[in-house]
Amino acid sequence: MNKAELRSLYLERRKATSGDEIQKHSLRISDRFFSSFDLSGVKYLHSYIQIAKFNEIDTLPIIERVWTEFPNIKTVAPKFDFDSGELTSIEYDGETIHLHNSWSIPEPRTGDLLDPQKIDLVIVPMLCCDRTGHRVGYGKGIYDRFLRRCRDDCKKIGLNAFEPVKRIDDVGEHDIALDYCVTPEALFSF
């Protein structure tokens with residue numbers, strides 16, 4: 001299937017998933033995340049903030065656990081710059097005030113910008129991915145452009161309620177593959 005077909009299919013699958021199911025999946029994914037990855041060398045972790053109305057996996061269980069168990073790790077969250085079309089990383093903590101941008105995406109209202117070259121690990125939003133780590137997002141290419149600006153050794157981890165599909169037919173040279181996908185049932189390494 002191509003990205004447009006997969007996007008439509010997985011938007012519908014998400015819509016059919018209840019908020020309670022998403023929260024259960026999110027907690028299981030959080031547990032698997034911490035049992036799977038060594039965070040001792042991570043200084044900066046970038047994570048999307050859940051868009052609840054899209055039934056995304058909630059990253060707050062991961063973020064809050066990082067804040068309590070790994071105080072040496074700085075967390076950053078995405079903020080979209082509508083003028084440049086680029087995603088930026090804003091320092092983010094428990095005191096950060098969120099606003100919803102014009103696309104209804106929660107973002108930090110204020111905070112220091114972080115150079116993407118400093119980021120060690122990115123938790124990437126997605127609708128689905130394939131068995132090679134290529135992902136389908138919302139179709140704007142925002143995260144692919146952002147990930148291109150990160151270091152080559154930056155870990156790219158997707159979170160999803162669904163297992164990877166066999167193959168995305170129309171992967172392009174601009175698409176940046178994930179290193180891992182964490183689901184409630186398994187960890188996939190690419």
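For the single chain, residues carry numbers from 1 onward in sequence order. Worth knowing before you read on, the calculation uses all heavy atoms, side chains too, and leaves out hydrogens, waters and symmetry mates.
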For residues [X] and [Y], report the shortest heavy-atom separation together with the two atoms involved.
X	Y	answer
Gln50	Thr59	N-OG1, 4.1 Å
Arg151	Asp153	NE-OD1, 2.7 Å
Asn72	Val42	ND2-O, 4.3 Å
Glu107	Pro78	CG-O, 3.8 Å
Met1	Glu5	CA-OE1, 3.4 Å
Ile168	Lys3	CG2-CG, 3.7 Å

Say whether, by atom type as modelled, one donor and one acceptor occur between the side chain of [X] and the main chain of [Y] under 3.5 angstrom.
X	Y	result
Thr68	Arg65	yes
Ser89	Ala77	no
Asp170	Asn2	no
Thr96	Asp93	yes
Glu56	Ile51	yes
Arg32	Pro184	yes
Arg149	Leu87	yes
Asp81	Glu86	no
Asp130	Val165	no
Arg109	Ile97	no

Going by an N to O cut-off under 4.0 Å, is there a salt bridge joining [X] and [Y]?
X	Y	answer
Glu91	Lys74	no
Glu185	Arg28	yes
Asp169	Arg167	yes
Lys24	Asp58	no
Lys156	Asp179	yes

With a 4.5 Å heavy-atom cut-off, do [X] and [Y] have their side chains touching?
X	Y	value
Arg135	Asp144	yes
Thr132	Phe190	no
Leu127	Arg14	yes

[X] [atom1] to [Y] [atom2] distance, which is reported to the nearest 0.5 Å:
X	Y	atom1	atom2	value
Ser18	Asn55	OG	CG	7.5 Å
Met126	Cys129	CE	SG	4.0 Å
Leu178	Lys155	CG	NZ	14.0 Å
His98	Ile105	NE2	CD1	13.0 Å
Ile119	Cys150	CD1	SG	4.5 Å
Asp31	Ser26	CG	OG	11.0 Å

*Would a line drawn from the ring center of His46 to the ring center of Phe146 be shorter than 6.0 Å?*
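Ring centroids of His46 and Phe146 are less than 6.0 Å from each other.
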
*Below 6.0 angstrom between ring centroids: does that apply to Phe37 and Tyr180?*
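They qualify: ring centres under 6.0 Å apart.
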
*State which residues pass salt bridge (charged side-chain N to carboxylate O under 4.0 Å, His left out) with Arg131; sequence neighbours excluded, sorted by chain then number.*
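Applying salt bridge (charged side-chain N to carboxylate O under 4.0 Å, His left out) to Arg131 gives Glu163.
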
*NZ or CZ of Arg7 within 45° of Tyr138 ring axis and under 6.0 Å*: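 Here Arg7 fails the 6.0 Å and 45° test against Tyr138.
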
May I ask whether [X] and [Y] are part of the same hydrophobic cluster, defined by side-chain heavy atoms of I, L, V, M, F, W, Y residues being less than 4.5 angstrom apart, directly or through others?
X	Y	answer
Tyr92	Tyr48	no
Ile142	Ile49	no
Ile63	Tyr143	no
Ile22	Ile157	no
Phe33	Tyr44	yes

*Apart from Leu113 itself, what residues make up its hydrophobic cluster when side-chain heavy atoms of I, L, V, M, F, W and Y under 4.5 Å apart count as a link, directly or indirectly?*
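For the cluster that includes Leu113, the remaining residues are Ile90.
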
*Write out all pairs satisfying ring pair (Phe, Tyr, Trp, His ring centres under 6.0 Å) with one or both partners inside residues 2-25, taking only residues at least two apart or from two chains.*
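Checked against ring pair (Phe, Tyr, Trp, His ring centres under 6.0 Å) - neighbours excluded - the pairs reaching residues 2-25 are Tyr10-Phe162.
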
